[in-house]
There are 2 protein chains.
Amino acid sequence: MAWDLKNDRPIYTQLIEQIELKIFSGEYPPGARLPSVRDIAKDAAVNPNTMQKALAKLEEDGLVVTHRTSGRTITEDAEMIKRAKNQLAERQITEFLEKMQLMGFEKRETLTLITKLLEEMKK
Amino acid sequence: MAWDLKNDRPIYTQLIEQIELKIFSGEYPPGARLPSVRDIAKDAAVNPNTMQKALAKLEEDGLVVTHRTSGRTITEDAEMIKRAKNQLAERQITEFLEKMQLMGFEKRETLTLITKLLEEMKK
DNA sequence: ACTATTGTATTAAGCGCTTAATACAATAGT
DNA sequence: ACTATTGTATTAAGCGCTTAATACAATAGT
């Protein structure tokens, strides 16, 4: 699983992000059952209350559905998952480009930088 | 100036980042005098103690030099600034690529995504 | 019908971050 | 020599986050 939580940000926000990533990557496919709050909290080495907070937010966003006494599942709405995924991707990209721009790298410059870095990784 | 602080992370860490960006982009050139703690704190609409905490970290990293009673200046060592800048850039890129990969976008895929997005922005 | 499991709620404590108020020593600038 | 400015330190308060302990209602699973 590898939850890898830093403490430069509230844990519950990191939990939200990481679960989102698992949903978007397909590790948690649409309709899949999530472990119970207690189990998933244990897995992430986190207090159940904290995990609960994260899951509540995910439900609010519609990515997760709660079944009062039989746990939670990922939404069946694959289309909405895809939408959320693309939305996040676009936000990541623009934020990244903006930050690079603030550092003094023009957008084109950033692009060539990435390309070069990828070339090196292939070798 | 536009300090634009969010509250999803400790303020002082955001201050560190933003000042770093100003240094890397050349807005604060090597040797330049920084405003006093009180002034720069006022500008960022933040408590002097908080700003002090950020500046202390920047000094610890060597980007900023403190002159006990005559304020602070950016380091004269342009070479070290450049090193730090490239280091940050590389970290940004790898973190970005990793996050995209966790979302299910392969590195090449991410690259074409960015390229496409840049094309659209030109129009 | 019984039992374990589910999400949920509450209370208390500790912690770091942030602010506000205040003070001090050193010295740049006059 | 005087004065304003510099970084720095301290104390107290409030806040959100996190943990720990505990409890409850509803129901899936047998």
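Bear in mind that the values here come from a model prediction, so they are computed numbers and not experimental data.
For B:F96, the ring pair (Phe, Tyr, Trp, His ring centres under 6.0 Å) test picks out A:F96, with sequence neighbours left out. B:Q52 is linked by a side chain to side chain donor-acceptor pair (under 3.5 Å) to B:R72, counting only residues two or more places apart in sequence or in another chain. The side chain to side chain donor-acceptor pair (under 3.5 Å) search around B:E109 returns none, not counting sequence neighbours. Looking at residues two or more places apart in sequence or on another chain, you find a side chain to side chain donor-acceptor pair (under 3.5 Å) between A:N47 and A:N49. When the salt bridge (Lys or Arg N to Asp or Glu O under 4.0 Å) test is applied to B:D39, no partner is found at least two apart in sequence or on another chain.
Within the structure, salt bridge (Lys or Arg N to Asp or Glu O under 4.0 Å) pairs that include any residue of residues 6-20 of chain A comprise A:R9-A:E17 (at least two apart or interchain).
Between the CE atom of A:M51 and the C1' atom of D:dT19 there is a distance of 14 Å, given to the nearest Å. If you take CD1 of A:I40 and C1' of C:dT5, they are 16 Å apart, rounded to a whole angstrom.
Where DNA chain C pairs in unbroken runs of 3 or more (Watson-Crick or G-U, both distances under 3.5 Å), the stems are C:1-30 with D:1-30.
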**OP:** Summarise how protein sits on nucleotides 6-18 of chain C as a single string, 5' to 3': B when a protein heavy atom is under 4.0 Å from the base, S for sugar-phosphate-only contact, - for no contact.
**Re:** BBB-B------SS
N/O donor to acceptor pairs below 3.5 angstrom from side-chain atoms of residues 78-93 of chain B, sequence neighbours left out:
residue : atom : partner : partner atom : Å
B:K85   : NZ   : A:M103  : O            : 3.4
B:N86   : ND2  : B:K82   : O            : 3.4

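A donor-acceptor contact shorter than 3.5 Å is absent between the side chain of B:T66 and the backbone of B:R68.
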